[in-house]
Amino acid sequence: QVQLVESGGGLVQPGGSLRLSCAASRSISNSYVMGWYRQAPGKQRELVATLSGGNRRDYADSVKGRFTISGDNAKNSVFLQMNSLKPEDTAVYYCYVGAAGGGSWGQGTQVTVSS
């Protein structure tokens, strides 16, 4: 399995922006899906955004128009640009990569949206 390390989380005020990065330990160009999930305290982990089939992007309704997922195969990385952040976006964000040999999760990065 590939090792994933997220970064870019932190504390931001409502309306602000953050860019999350997920670095893979090896090439992820053969993965069939890359995605970001999040888990808020007391809640189940939920899908935020996925990138599949090379260029298909899917988003949770709650983040459409505010978040953008992208990938860079040359850097073995996946990104999540988050704009217009809201307090309800506060959660631990996890990177996920799915491939023929199985899926891999990162350790998570905390995002806190608060004034």
Of all pairs that satisfy salt bridge (charged side-chain N to carboxylate O under 4.0 Å, His left out), the ones with a partner from residues 98-115, not counting sequence neighbours: none

Which heavy atom of S77 sits nearest to which heavy atom of A23, and what is that distance? OG-CA, 4.0 Å

Name of the residue among I69, L4, L20 meeting side chain to side chain contact (heavy atoms under 4.5 Å, CB included) with V78: I69

Measuring from S27:OG to N76:CG, what's the distance to the nearest 0.5 Å? 5.0 Å

Rounded to the nearest 0.5 Å, the CE atom of M82 sits from the CZ atom of R19 at a distance of 11.5 Å

Could you work out the complete set of other residues in the hydrophobic cluster of L11, with links drawn between I, L, V, M, F, W and Y side chains under 4.5 Å apart? none

Distance in Å, S70 OG paired with M34 CE, rounded so as to fall on 0.5 Å steps: 9.0 Å

Are Y37 and Y93 co-members of a hydrophobic cluster defined by side-chain heavy atoms under 4.5 Å apart? no

Which heavy atom of N83 sits nearest a heavy atom of S17, and at what distance? OD1-OG, 2.9 Å

Measuring from atom OG of S31 to atom CG of N73, what distance do you get when rounded to the nearest 0.5 angstrom? 7.0 Å

Treat each ILVMFWY residue as a node, draw an edge where side-chain heavy atoms are under 4.5 Å apart, and state whether F79 and L18 are in one component. no

Report yes or no: does Y96 contribute a side-chain atom to a donor-acceptor pair with the main-chain N or O of V33 at less than 3.5 Å? no

Ignoring hydrogens, what is the shortest heavy-atom contact between S115 and P14? Give both atom names and the distance. N-CD, 3.7 Å

Please name the pair of heavy atoms, one in Y59 and one in A49, separated by the smallest distance, quoted to 0.1 Å. CD2-CB, 3.5 Å

Say whether V111 and L47 are linked into one hydrophobic cluster, either directly or through other cluster members, by side-chain heavy-atom distances under 4.5 angstrom. no

Over all heavy atoms of both residues, which pair between V63 and V48 is shortest? Give the atoms and the distance, please. CG2-O, 3.6 Å

If Ile, Leu, Val, Met, Phe, Trp and Tyr residues are connected whenever their side-chain heavy atoms lie under 4.5 Å apart, and connections chain through other members, are W36 and V5 in the same group? no

Taking side-chain contact (heavy atoms from CB on, under 4.5 Å) as the test, write out the residues that go with V92, two or more places apart. Y94, Q110

Not counting sequence neighbours, which residues clear ring-ring contact (aromatic ring centres under 6.0 Å, His included) with F67? List them please. none

Is the side chain of T112 donor-acceptor paired with the backbone N or O of T90 at a distance under 3.5 Å, no angle test? no

Can you tell me which residue pairs pass the salt bridge (charged side-chain N to carboxylate O under 4.0 Å, His left out) test with a partner in residues 87-107, sequence neighbours excluded? R38-D89, R66-D89

Tell me if a side-chain donor or acceptor on E6 pairs with a main-chain N or O of Q107 at a distance below 3.5 Å. yes

Point-to-point distance, once rounded to the nearest 0.5 Å, from NZ of K75 to CD1 of I28: 12.5 Å

In chain order, what residues pass the side-chain contact (heavy atoms from CB on, under 4.5 Å) check against R26, with sequence neighbours excluded? V2

